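Order of listing sets the numbers, starting from 1, for every ligand and every atom in it. Please read these numbers as outputs of a predicted model, since none were measured by experiment. Along the sequence shown, residues are numbered consecutively beginning with 1.
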Amino acid sequence: MINFDYTRADGVTSAVRDRASELTAKFIAGGTNLIDLMKENVERPTRLIDINRLPLATITETEGGGLRLGALMTNADTAYDKQVSKRYPLLSQAILAGASAQLRNMATDGGNLMQRTRCYYFYDVATPCNKREPGSGCSAINGFNRIHAILGTEAGTPDRSIHCIATHPSDMCVALAALEAVVRVTGPDGDRTIPFAEFHRLPGNTPHIDNTLKDDELITAIDLPANGFSKNYAYLKLRDRTSYAFALVSVAAALEMEDGRITDARIALGG
Ligand SMILES: Cc1cc2nc3c(=O)[nH]c(=O)nc-3n(C[C@H](O)[C@H](O)[C@H](O)COP(=O)(O)OP(=O)(O)OC[C@H]3O[C@@H](n4cnc5c(N)ncnc54)[C@H](O)[C@@H]3O)c2cc1C
Ligand code: SF4
């Protein structure tokens, strides 16, 4: 374990300011991914900025008729919230398919978006990994890659990366992609929004960059649109065990039906 400093942020502005002044620092929320990565020497932040006391653990209505999930809502409180489970059951179902009850009690919605891949080599600092150490090589492409990407890995596929075949391991994010959620962030230059499909990025030539959040930006909330596809939906997760395992493949599907005809459809694939 490395030495690091610890600060508790008392406001969004000061949290962002602290991070902007020390880009080797990291925000910590539930700690369920970051602490593991620090124990394995994969992440080596010089400072942890604890954001747990920021006022971001609420669910509120948006002007557009949707719901705003504060970034510090836990996965459990989100999934079991009356409004979320009634209006966005696809999201509740996907969240409850992930991790374990204890982990969901600690894991936050913001942290879920930011969790790193579960590629074995990424966690093993004795092996080459372009995501952990750019330019070192990818151990998975010719290695043990049962949990890695299927789509986009064949020669000739558009956007194929020859540097990384890792996937994002989240269940919640697959439902958020299908629902076309929007990520709200705050940085030194103010607030901005990122459509969910533009939040996570393909590995390309820079697999160490997982997403389009800037280093000095904080996720403050996730906006769900008014339509939650609450009547016709399913989240299917295939995995090695029936609980407490990451998806080998997963699908979030949602349909709008009128008189027996499909009028709108959303499908997002994970794992
Ligand atoms: C054994 C195990 C099994 C799991 N199984 C599953 C599973 O099946 N499905 C699934 O989806 N997930 C699974 N998870 C992952 C779990 O859901 C994530 O670890 C969790 O959601 C991360 O949230 P956190 O609040 O603990 O993040 P932390 O560990 O605190 O932080 C993770 C990262 O997010 C950043 N961060 C946190 N909050 C913010 C914010 N507001 N703005 C900007 N950056 C932020 C941190 O700096 C850090 O880099 C599992 C985890 C474990 C340990
Ligand atoms: S698939 Fe990506 S994360 Fe895994 S070893 Fe290759 S570069 Fe690293």
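- Tyr123 places a side-chain heavy atom less than 4.5 Å from the side chain of Leu37.
- Within the listing of ligand 1, atoms 24 (P), 25 (O), 26 (O), 30 (O) sit less than 4.0 angstrom from a heavy atom of Gly30.
- Under 4.0 angstrom from ligand 1, the non-hydrogen atoms of Ile51 all belong to its side chain.
- The backbone N or O of Ala140 sits less than 3.5 Å from a side-chain atom of Asn145, completing a donor-acceptor pair.
- In terms of protein heavy atoms, atom 15 (C) of ligand 1 is closest to Gln115 OE1, 3.2 Å.
- Between the side chain of Asp50 and the backbone N or O of Thr7, no donor-acceptor pair lies under 3.5 Å.
- Nearest protein heavy-atom neighbour of atom 46 (C) of ligand 1: Phe27 O, 3.0 Å.
- Counting only distance, with no hydrogens or angles, the side chain of Lys237 and the backbone of Ala245 share a donor-acceptor pair below 3.5 Å.
- The residue Val185 has no part lying near ligand 1, judged by heavy-atom distances below 4.0 Å.
- For the pair Tyr121 and Phe144, the minimum side-chain heavy-atom distance is below 4.5 Å.
- At a 4.0 Å heavy-atom cut-off, ligand 1 touches Lys237 through the side chain alone.
- For the 3.5 Å distance criterion, the side chains of Thr24 and Thr46 qualify, holding a donor opposite an acceptor.
- Listed by number with element, the atoms of ligand 1 under 4.0 Å from a non-hydrogen atom of Ala245 are 8 (O).
- Those atoms of ligand 1 that come under 4.0 Å of a heavy atom in Tyr244, given as number and element, are 1 (C).
- Comparing Leu37, Leu34, Leu96 against atom 31 (O) of ligand 1, the shortest heavy-atom distance belongs to Leu34.
- From the protein, the heavy atom lying nearest to atom 50 (C) of ligand 1 is Phe246 CZ, 3.4 Å.
- Looking at Ser100 against ligand 1, nothing comes within 4.0 Å, counting heavy atoms.
- The contact set between ligand 1 and Asp36, taken as ligand atoms under 4.0 Å from a residue heavy atom, comprises 53 (C).
- Residues Phe196 and His200 bring their aromatic ring centres within 6.0 Å.
- In the vicinity of Thr108, heavy-atom distances shorter than 4.0 Å reach the ligand 1 atoms 21 (O), 23 (O), 24 (P), 25 (O).
- Every atom of ligand 1 is numbered from 1 in the order shown, and the set under 4.0 Å from a heavy atom of Leu218 is 40 (C), 41 (N), 42 (N).
- Between Phe199 and Met114, some side-chain heavy-atom pair lies under the 4.5 Å cut-off.
- Protein residues lining ligand 2, listed by chain and number: Cys119, Tyr121, Phe122, Cys129, Asn130, Lys131, Cys138, Ser139, Ala140, His148, His163, Cys164, Ile165, Ala166 [non-hydrogen atoms, distance under 4.0 Å].
- Here the protein heavy atom with the shortest distance to atom 28 (P) of ligand 1 is Gly31 N, 3.4 Å.
- In terms of protein heavy-atom proximity, atom 7 (C) of ligand 1 is closest to Ala99 N, 3.1 Å.
- Taking every non-hydrogen atom of Gly98 and a distance limit under 4.0 Å, the qualifying atoms of ligand 1 come out as 7 (C), 8 (O), 9 (N).
- Of all non-hydrogen atoms in Cys164 and Cys138, the two that sit nearest each other are CA-SG, 4.4 Å.
- Nearest protein heavy-atom contact of atom 19 (O) of ligand 1 is Thr32 OG1, 2.7 Å.
- Looking at Thr220, Asp171, Leu48, it is Asp171 that brings a heavy atom closest to atom 11 (O) of ligand 1.
- Applying the 4.5 Å side-chain rule to ILVMFWY residues, one finds that Val182 remains a lone member of its cluster.
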Would Leu48 and Met38 count as a side chain to side chain contact (heavy atoms under 4.5 Å, CB included) if you check the C-alpha gap in whole Å, the side-chain angles of each, and the deciding distance to 0.1 Å? CA-CA 11 Å; Leu48 290 183; Met38 288 171 67; 4.0 Å; yes
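- By the 4.5 Å heavy-atom criterion applied to side chains, Lys26 and Leu34 are counted as neighbours.
- For the pair Asn130 (side chain) and His163 (backbone), a donor-acceptor distance under 3.5 Å is present.
- Using a 4.5 Å heavy-atom cutoff, the side chains of Arg239 and Ile147 are not in contact.
- Checked against a 3.5 angstrom limit, the closest N/O atoms of Glu217 and ligand 1 fall outside it.
- The closest donor-acceptor contact from the side chain of Arg184 to the backbone of Asp223 lies at 3.5 Å or more, if one exists at all.
- Side-chain contact between Val16 and Glu217 is absent, with no heavy-atom pair separated by less than 4.5 Å.
- Nearest protein heavy-atom neighbour of atom 44 (N) of ligand 1: Met114 CG, 3.7 Å.
- Looking at heavy atoms from C-beta onward, Leu113 lies in side-chain contact with Ile222 at the 4.5 angstrom threshold.
- Counting only non-hydrogen atoms, the option in Leu54, Asp210, Ile219 that gets closest to atom 40 (C) of ligand 1 is Ile219.
- What sits closest to atom 21 (O) of ligand 1 on the protein, heavy atoms only, is Asn112 CA, 3.2 Å.
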